[in-house]
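All values reported here derive from a predicted model rather than from experimental measurement.
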Amino acid sequence: MSLVNVGTVAFDAIETPFGKTDKIIGGACTYISLAASYFTKQAKIVSVVGEDFPQETLDMFKAKDIITEGLQVKQGEKTFFWSGKYHNDMNSRDTIDTQLNVLENFDPVIPDSYQDCEYLMLGNLTPSLQLKVIESMEVRPKLIVLDTMNFWMEIAMPDLKKVIKEIGVLTINDEEARLLSGEYSLRKAARKILEMGPTTLIIKKGEHGALLFGGDKVFYAPALPLEEVFDPTGAGDTFPGGFIGHLASTGDLSWENMKNAIIMGSAMASFTVEKFGIERLRDLSMEEIADRINEFAELTNFSLEFPSKVK
Ligand code: AMP
């Protein structure tokens, strides 16, 4: 099942209460593709970097069977750079710096070899570019998942609404769901957002898990309570990467399997936060992933016999 992932491949500099990094590898598409690579063969990247981007990371993608034909390398230009600092609670962060660099004139091109794509993951990016990618696909993919953020809601809402109309699954956080819908209740927000186009909505709630909405149905996946969250950067991208990776590998878009897919997304995101950047996500074994899934199953598994009424 072929999967195409679109989004940033970046340099990040991160500060958390546990420490500080220099420029490390980041970007939404990086996290998405790495997470998906554990489930699908030849996850394909569409992105752009500058000539300063390390060959070592391109080789790492290759070693992970991630295809980079659609990753443009712009000579004489610099890679997108983002820097953020987390507050003590690790739930909120401030963006310290965003340098668009190569992203400023990014024109995503879909190579011919990507045109058989059945699953399309549109990571956080300018909505007009996300729309362009959809329009560049000769055949409409079986599933399009879109991730976005409040930033685009504030400056490009009309374009964002156009792209939301075209997709199957939207993933946003609770604050963004409220902003997009104008509703505080997430249940009401979900109903309004589902009327905008997608058949399924995922509301990510960070350390409080994720909600899956479809039609009148709702399902909740917890986040694993970890002893230490080291660096939350990329968790919001790893999640949809694991989600779409699971759907692409099973080819099953039923409600029941969407439930499994958000557990998979949560499990993969729980690894990302354990170390800085992609350090933990990069080198997982299938056993570690299987063990983590079992931990999730245990977390909410209970057997309750409803007591008969006392007469
Ligand atoms: P997350 O922690 O999942 O929200 O995503 C963090 C990643 O998003 C970082 O690796 C950044 O490189 C990337 N990023 C930050 N700002 C933007 C932006 N405005 N557009 C696209 N990607 C971004």
Side-chain angles (χ1 to χ4, degrees), residues 2-12 24-37 40 43-50 53 57-58 60-61 64 66-74 79-82 84 95 98-111 114 117 119-137 141 143-153 156 159-160 163-164 166-173 176 202 204 233-245 248 265 268-269 272 277-278 281-282:
S2 70
L3 167 66
V4 170
N5 300 318
V6 187
T8 45
V9 172
F11 283 129
D12 291 346
I24 58 170
I25 301 299
C29 193
T30 305
Y31 287 102
I32 291 167
S33 301
L34 281 174
S37 72
T40 55
K44 299 174 174 70
I45 290 183
V46 174
S47 190
V48 63
V49 291
F53 197 74
T57 307
L58 300 177
M60 183 272 289
F61 284 141
K64 292 255 156 209
I66 293 169
I67 308 296
T68 55
E69 196 189 336
L71 175 60
Q72 302 169 30
V73 181
K74 296 279 182 197
T79 300
F80 172 76
F81 172 75
W82 172 81
T95 290
T98 302
Q99 295 171 20
L100 291 177
N101 300 329
V102 281
L103 216 56
E104 214 155 345
N105 297 309
F106 179 41
D107 182 19
V109 177
I110 310 294
Y114 285 24
C117 151
Y119 297 86
L120 176 60
M121 176 68 230
L122 295 169
N124 182 23
L125 202 63
T126 321
S128 58
L129 293 184
Q130 293 174 318
L131 197 60
K132 191 201 163 209
V133 170
I134 297 177
E135 285 165 356
S136 310
M137 305 303 305
L143 178 70
I144 303 175
V145 178
L146 180 121
D147 188 47
T148 187
M149 69 189 289
N150 51 0
F151 179 72
W152 303 117
M153 293 173 194
D159 279 351
L160 181 62
V163 65
I164 286 177
E166 303 297 325
I167 60 163
V169 179
L170 175 67
T171 70
I172 45 180
N173 70 27
E176 291 154 355
I202 296 169
K204 300 176 283 187
T233 310
D237 307 306
T238 307
F239 179 94
F243 173 80
I244 201 164
M268 297 309 288
T272 290
I278 58 171
L281 185 64
R282 195 179 44 195

*Asks:* Distance from Asp159 atom CG to Leu131 atom CG, nearest 0.5 Å?
*Replies:*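 Atom-to-atom, Asp159:CG and Leu131:CG are 7.5 Å apart.
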*Asks:* Can you tell me if NZ on Lys74 sees more than 12 non-hydrogen neighbours from other groups inside 6.0 Å?
*Replies:*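 Counting neighbours around NZ of Lys74, 12 or fewer heavy atoms of other residues, nucleotides or ligands fall under 6.0 Å, so no.
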*Asks:* Taking atom OH of Tyr114 and atom CE of Met137, what is their separation to the nearest 0.5 Å?
*Replies:*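 Nearest 0.5 Å value for the OH-CE distance: 10.5 Å.
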*Asks:* Drop me the distance from Asn5's CG to Leu71's CG, to the nearest 0.5 angstrom.
*Replies:* 12.0 Å
*Asks:* Under a 4.5 Å cut-off applied to non-hydrogen side-chain atoms, are Asp147 and Val145 in contact?
*Replies:*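 With C-beta onward as the side chain, the pair stays apart.
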*Asks:* With rounding to the nearest 0.5 angstrom, report the NZ to SG distance, Lys44 to Cys29.
*Replies:*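 So the NZ of Lys44 and the SG of Cys29 are separated by 13.0 Å.
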*Asks:* For Ala248, is there any backbone N or O sitting under 3.5 Å from a side-chain donor or acceptor partner on Thr40?
*Replies:* no
*Asks:* Taking the side chain as every heavy atom from C-beta outward, state whether Phe80 and Phe106 have any pair of such atoms under 4.5 Å apart.
*Replies:* no
*Asks:* Can you tell me if Trp152 and Asn124 form a side-chain donor-acceptor pair at under 3.5 Å?
*Replies:*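 Asn124 and Trp152 do have a side-chain donor-acceptor pair below 3.5 Å.
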*Asks:* Assign the ring pair Phe53 / Phe61 to parallel, tilted or perpendicular, where the plane angle (0 to 90°) is split at 30° and 60°.
*Replies:* parallel
*Asks:* What are the two closest heavy atoms between Glu176 and Thr148, and how far apart are they?
*Replies:* OE1-O, 3.7 Å
*Asks:* Measuring only between side-chain heavy atoms, which start at C-beta, is Leu146 closer than 4.5 Å to Met121?
*Replies:* no
*Asks:* Please tabulate, for side-chain N and O atoms in residues 233-240, each donor-acceptor pair with protein atoms closer than 3.5 Å (sequence neighbours left out).
*Replies:*
unit_1, atom_1, unit_2, atom_2, d
Thr233, OG1, Tyr86, OH, 2.8
Thr233, OG1, Asp231, OD1, 2.6
Thr238, OG1, Gly234, O, 2.7
Thr238, OG1, Thr272, OG1, 2.9

